[in-house]
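Naming convention: chains lettered A, B, ... in sequence-line order (proteins, then strands); numbering from 1 in each chain.
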Amino acid sequence: DVQLVESGGGLVQSGGSLRLSCAASGFRYSDFWMSWVRQAPGKGLEWVANIKGDGSETYYLNSVKGRFTISRDNALNSVYLQMNFLRAEDASLYYCVRYGYTAAFDLWGQGTMVTVSS
Amino acid sequence: QSALTQPPSASGSPGQSVAISCTGTSSDVGGYDFVSWYQQHPGKAPKLLIYEVTKRPSGVPDRFSGHKSGNTASLTVSGLQAEDEADYYCASYTGTHYYVFGGGTKVTVL
């Protein structure tokens, strides 16, 4: 099956760190840009970061630059999001998303929840 | 990186049409033909409905259509059905591999 499965979410204190993982299957993973998109409870979608298929380029939402790092391991068909210095406003459901040939976010995981306590 | 502007809600009776607008600037919606639309049912992940302004992925009914004029894109759902009740989001490329979403529109089928 073509799918993305996230893991690694949880409860963390403000200022703490968390690493999200996403395992891909069913498609030529290294051919695709991959992204993280988040959604705060009851709120809209927000693009967070993306990474090129070979990992050579990364881009970030301004508010997470310098705190979050997106990376990938094509041998393991996985993408990661290292989140440091977490803030209350980072609390969200984080989706792992494929950016497809359609120039759109065409495959979504089910999300992993990040809760930040003060 | 300001969010695109969508109306918070829209509604229509079964069989009717509803249109949702998505307003940006010349730096995003108006500057690129990379506008996409997503449908999200409660507790579910978003699903791609429209890409590159007007195109539908395989499996998406032709009741869903997209359009763009200037800095405003729109999604029209024709022949509304009960299962179309959901949140809808637009998204646009903003250059240099950055992206922005709209705030979302809740569609209610009356």
*Asks:* Tell me, for B:Pro46 versus chain A, whether the close heavy atoms (under 4.5 Å) come from the side chain, the backbone, both or neither.
*Replies:* both
*Asks:* With a cut-off of 6.0 Å (strictly less than), are more than 12 heavy atoms of other residues, nucleotides or ligands near CD of A:Glu89?
*Replies:*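 Correct, the count exceeds 12.
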*Asks:* For B:Gln6, is it the side chain, the backbone, both or neither that has a heavy atom under 4.5 Å from a heavy atom of chain A?
*Replies:*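 Neither; nothing under 4.5 Å.
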*Asks:* Please check if A:Tyr80 and A:Val64 belong to a single hydrophobic cluster, counting links between Ile, Leu, Val, Met, Phe, Trp and Tyr side chain heavy atoms closer than 4.5 Å.
*Replies:* no
*Asks:* Can you tell me how far CZ of B:Phe101 sits from CZ of A:Arg38, rounded to the nearest 0.5 angstrom?
*Replies:*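 Atom-to-atom, A:Arg38:CZ and B:Phe101:CZ are 12.5 Å apart.
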*Asks:* Highest number of heavy-atom pairs under 4.5 Å with chain B: which of A:Glu46, A:Gln39, A:Glu57?
*Replies:* A:Gln39
*Asks:* So, taking the atom named OG1 in A:Thr102 and the one named CD1 in B:Ile50, what distance separates them when rounded to the nearest 0.5 Å?
*Replies:* 11.5 Å
*Asks:* Is A:Val97 in contact with chain B via its backbone, its side chain, both, or neither, using a 4.5 Å heavy-atom distance?
*Replies:*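 Neither part.
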*Asks:* For the residue pair A:Lys43 and B:Tyr89, what are the closest heavy atoms and their distance?
*Replies:* O-OH, 3.5 Å
*Asks:* Within residues 105-118 of chain A, which positions have a heavy-atom distance to chain B below 4.5 Å?
*Replies:* A:Phe105, A:Asp106, A:Trp108, A:Gly109, A:Gln110
*Asks:* Looking at chain A, which one of B:Tyr38, B:Tyr93, B:Phe34 has the largest number of heavy-atom pairs inside 4.5 Å, strictly under?
*Replies:*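 Heavy-atom pair counts peak at B:Tyr38.
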*Asks:* Identify whether A:Val2 and A:Phe32 are in the same connected component of the hydrophobic contact network (ILVMFWY, side-chain heavy atoms under 4.5 Å).
*Replies:*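 Same cluster: A:Val2 reaches A:Phe32 through Ile, Leu, Val, Met, Phe, Trp or Tyr contacts under 4.5 Å.
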*Asks:* Quick check on the hydrophobic clustering: are B:Leu80 and B:Leu110 connected, directly or via other members, by side-chain heavy-atom contacts under 4.5 Å?
*Replies:* no
*Asks:* If every non-hydrogen atom of B:His97 is compared with every non-hydrogen atom of A:Asn50, which pair is closest and at what distance?
*Replies:*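 Looking at all heavy atoms of both residues, the shortest contact is O-ND2, 3.3 Å.
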*Asks:* Only one of A:Tyr59, A:Trp47, A:Tyr99 clears side-chain hydrogen bond (donor to acceptor under 3.5 Å, both in side chains) with B:Tyr99; which?
*Replies:* A:Tyr99
*Asks:* Check for me whether the distance between the ring centres of A:Tyr60 and B:Tyr98 falls short of 6.0 Å.
*Replies:*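 Between A:Tyr60 and B:Tyr98, the centre distance exceeds or equals 6.0 Å.
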